Amino acid sequence: MFDFDKPVNRLGTWCTQWDYVQDRFGVANLTPFTISDMDFKIAPCIEKALEKRIEHGVLGYSRWKNEEYLGAIRYWFSSQFDTSINSEMIVYGPSVIYIISKLISLWSDEGDSVALHTPAYDAFYKTILGNKRKVQSCPLVKQNNNWECDLNYLESILSKKDVKILLLCNPHNPTGKVWNQKELKAISNLCDKYNVKVISDEIHMDMVWVGKHIPWSQYGKNNWAIVSSASKSFNIPALTGAYGIIQCDDTRDDYLQQLKSCDGLSSPAVLSLVATIAAYQEGLPWLSQLKTYLQANLNFVADELNKAFPHLNCTPPDSTYLAWIDLRSFHLNDEKLQHQLIFKEKVAIMPGYTYGDEGLGFLRLNVGCARSKVEIGVNAIIKSIKDIID
C-alpha cells in the first residue's frame, strides 16, 4: 500500500504551485489548487531507478533513441490501451507543449488558423498565438452533465481554407471529457475530408474514470501526431521530457531537424528517460492505487458541494484529477468570487475564464493532493459562495 494521505511540504523547493503562487494570484502564502502537478511523492520504483543512475556518477550526453525508452512507450500503449506503436514513429521532446509548438510551425503558416475545442488549456492559446496563428474555437456544450461536440459546427470550422490543424485534447482539459469511438471516427473523417492535420495531446490519458482512453492512432488517417508524457500520471514534470508519435515520415524528419539542428536539443534529459522507463515498466501498481485515491477525492468534492447546494448537481469529471466545477447557476461575478477565495479564504483556485470565455462561471480545482488539503479547498469554495449570496 502507498500512503497518499500524508501531506508533503513543498514550500522552499522552488515549486511553481506553492512558492510562486503570487505570480498568478497577486498574493503570497495561499494554499494552491492550481497547475496540474500533484503534491505526492513519486513512485518508489522511479525513486530507486533515479538513485541507481545517480550512483553511477556520470551524467554525460545521452540519446533518447534506445530500446529501453522506446520499448517502455510501446509496452505502455500496448498494455494500457491495446494499441500497437511503431518505434520508428516515436520522437523525443523536452515537453508536450514544445512538440505541439513545433508541429504547428511545421504544418501551417503565419496567419493560418488552428481549431480548438473550448474551454481549453491556457497554454494552447499561448502556443497558437505565439506562433502567429489564429484560434478557431469550437465550444463544447454541456448537456445532462456530459460535454458534447457539435460535429456540424466543427465541420463548418474545419472546412475553412485557413484552418490547417485541429489541436485535440484527448482526454480534454479542463472539462474532463473522454472522447468516444463514434466521436473520434467522425472527427477523423472530417479532418480527412478537409485535409486538416491533427495534433492529439494525450498527456491525461492514464487518468480516465468513465469509459476508456482511445489513442488517436486508432482512428487517425493522414498527417497526425500524438503527444504525451509520463509527467502527469507519475508526477515527474520537473524532470522535463515528453514524446511524440508522428505518423508522417517527412514531418518526423522535419521535426527532428528542428529539435537537433535549430534548437540544439539533441541530448535528452537523461533522468527523464530513466524515470519514464521505470514508470511504464514498473509503476502500474502505484498508479492504480493513486487513481483510486484521486477518484475518491473527486467524488468527495462533488458530494460536499451537493450537500451544501443541493440544486448544484455537481458531478466528477470523466477524466483528469481536475474538478471542473460549474457554478453558473449562482450567477456570481467571477472576479468577486476570486476576491473572496484569495483574500478571505486564502486559497488559490483557477478561475474558469483562464481557459477562455466558455469557462466563465467555472472553477478548476486540482485534487492531486492529500484529502486534508482537498477539504480546505472545498470548504473555501462553499464559504465564499455563501458569503456572496447571503
Side-chain angles (χ1 to χ4, degrees), residues 33-34 36 117-121 138-151 153 169-180 182-183 204 207-213 291-341 344-345 347-369 371 373-390:
F33 302 84
T34 54
S36 55
H117 293 98
T118 53
Y121 173 41
C138 181
L140 295 175
V141 180
K142 188 179 181 184
Q143 296 182 340
N144 299 320
N145 282 322
N146 294 314
W147 289 93
E148 306 291 342
C149 171
D150 184 337
L151 291 171
Y153 187 74
C169 195
N170 176 28
H172 187 263
N173 174 16
T175 67
K177 175 180 175 57
V178 177
W179 298 91
N180 61 41
K182 184 178 179 181
E183 291 170 323
H204 291 283
M207 299 293 179
V208 172
W209 322 117
V210 178
K212 64 178 182 178
H213 173 68
K291 289 170 68 174
T292 298
Y293 191 89
L294 293 173
Q295 191 170 14
N297 275 353
L298 290 167
N299 290 335
F300 172 79
V301 170
D303 290 344
E304 291 301 301
L305 287 171
N306 288 333
K307 286 177 187 176
F309 311 107
H311 78 280
L312 198 57
N313 192 25
C314 182
T315 58
D318 291 345
S319 68
T320 80
Y321 50 83
L322 307 166
W324 185 239
I325 303 169
D326 187 352
L327 301 177
R328 291 176 296 177
S329 61
F330 289 108
H331 304 289
L332 302 174
N333 179 291
D334 289 49
E335 297 287 353
K336 187 174 183 180
L337 176 60
Q338 280 296 306
H339 190 274
Q340 287 287 119
L341 291 168
K344 186 170 183 181
E345 301 302 329
V347 297
I349 300 173
M350 298 298 283
Y353 54 74
T354 301
Y355 312 100
D357 291 342
E358 291 82 3
L360 287 167
F362 289 83
L363 289 175
R364 198 191 78 166
L365 180 77
N366 179 353
V367 304
C369 55
R371 174 65 61 82
K373 181 187 170 192
V374 176
E375 291 174 358
I376 293 171
V378 174
N379 288 334
I381 294 171
I382 292 171
K383 290 177 182 177
S384 294
I385 293 173
K386 288 184 175 180
D387 283 347
I388 294 173
I389 65 177
D390 285 349

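Sequential numbering from 1 along the given sequence is applied to the chain's residues. In this text the structure is predicted, and so the values were computed from the model without any measurement.
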Polar side-chain atom of Thr354 near backbone of Met350 as donor-acceptor pair, under 3.5 Å: no
Close side-chain approach of Arg371 and Asn297, heavy atoms under 4.5 Å: yes
Test side chain to side chain contact (heavy atoms under 4.5 Å, CB included) applied to Asp150 and Leu140, step by step: CA-CA 7 Å; Asp150 184 337; Leu140 295 175; over 6 Å; no
Met207 vs Lys291 side-chain heavy atoms within contact, under 4.5 Å: yes
Asn333 vs Leu337 side-chain heavy atoms within contact, under 4.5 Å: no
Ring pair (Phe, Tyr, Trp, His ring centres under 6.0 Å) against Phe362, all qualifying residues, sequence neighbours excluded: Trp147, Trp324
By salt bridge (charged side-chain N to carboxylate O under 4.0 Å, His left out) - contacts of Arg328 (at least two apart): Asp326
All side-chain contact (heavy atoms from CB on, under 4.5 Å) counterparts of Leu360, not counting sequence neighbours: Asp334, Tyr353
Whether Asn144 side chain and Asn146 backbone form a donor-acceptor pair below 3.5 Å: no
Set of side-chain contact (heavy atoms from CB on, under 4.5 Å) partners for His311, sequence neighbours left out: Phe309, Ser329, Phe330
Student check: side-chain heavy atoms of Leu151 and Cys149 closer than 4.5 Å: yes
Main-chain N/O of Gly359 paired with Arg364 side-chain donor or acceptor, under 3.5 Å: no
Residues forming a side-chain contact (heavy atoms from CB on, under 4.5 Å) with Ala120, sequence neighbours excluded: Leu116, Thr118, Phe124, Tyr125
Side-chain heavy atoms of Ile325 within contact of Leu365, under 4.5 Å: yes
Pairing residues for His172 by the ring pair (Phe, Tyr, Trp, His ring centres under 6.0 Å) criterion, not counting sequence neighbours: none
Contact summary for Asn173 and Cys169, nearest pair of heavy atoms: N-SG, 3.4 Å
Any residue meeting salt bridge (charged side-chain N to carboxylate O under 4.0 Å, His left out) with Asp387, in chain and number order, not counting sequence neighbours: Lys344
Reported CG-to-CG distance for the pair Leu312 and Leu327, which is rounded to 0.5 angstrom: 6.0 Å
Trp209 side chain to Pro316 backbone, donor-acceptor under 3.5 Å: no
Tyr293: ring pair (Phe, Tyr, Trp, His ring centres under 6.0 Å) partners, not counting sequence neighbours: Phe4, Phe40
Residue pair His204, Leu322: steps toward the side chain to side chain contact (heavy atoms under 4.5 Å, CB included) verdict: CA-CA 10 Å; His204 291 283; Leu322 307 166; 4.2 Å; yes
Which residues share a salt bridge (charged side-chain N to carboxylate O under 4.0 Å, His left out) with Glu358, sequence neighbours left out: none
Side chain to side chain contact (heavy atoms under 4.5 Å, CB included) assessment of Val374 paired with Val301: CA-CA 8 Å; Val374 176; Val301 170; 3.7 Å; yes
Main-chain N/O of Ser36 paired with Tyr321 side-chain donor or acceptor, under 3.5 Å: yes
Minimum side-chain heavy-atom gap Leu305-Ile381 below 4.5 Å: yes
Side chains of Lys373 and Phe33 in contact at under 4.5 Å (non-hydrogen atoms): yes
Ring pair (Phe, Tyr, Trp, His ring centres under 6.0 Å) involving Tyr153 - partner list, sequence neighbours excluded: none
From CA spacing to verdict: side chain to side chain contact (heavy atoms under 4.5 Å, CB included), His117, Lys177: CA-CA 11 Å; His117 293 98; Lys177 175 180 175 57; over 6 Å; no
Sequence-distant partners of Asn145, side-chain contact (heavy atoms from CB on, under 4.5 Å), two or more places apart: Lys142, Asn313, Thr315
Gln338 side chain to Ile349 backbone, donor-acceptor under 3.5 Å: yes
Asp318 side chain vs Val208 backbone, donor-acceptor pair below 3.5 Å: no
4.5 Å side-chain heavy-atom contact, Ser319 and Val178: yes
With Glu304 via salt bridge (charged side-chain N to carboxylate O under 4.0 Å, His left out) - residues at least two apart: Lys307
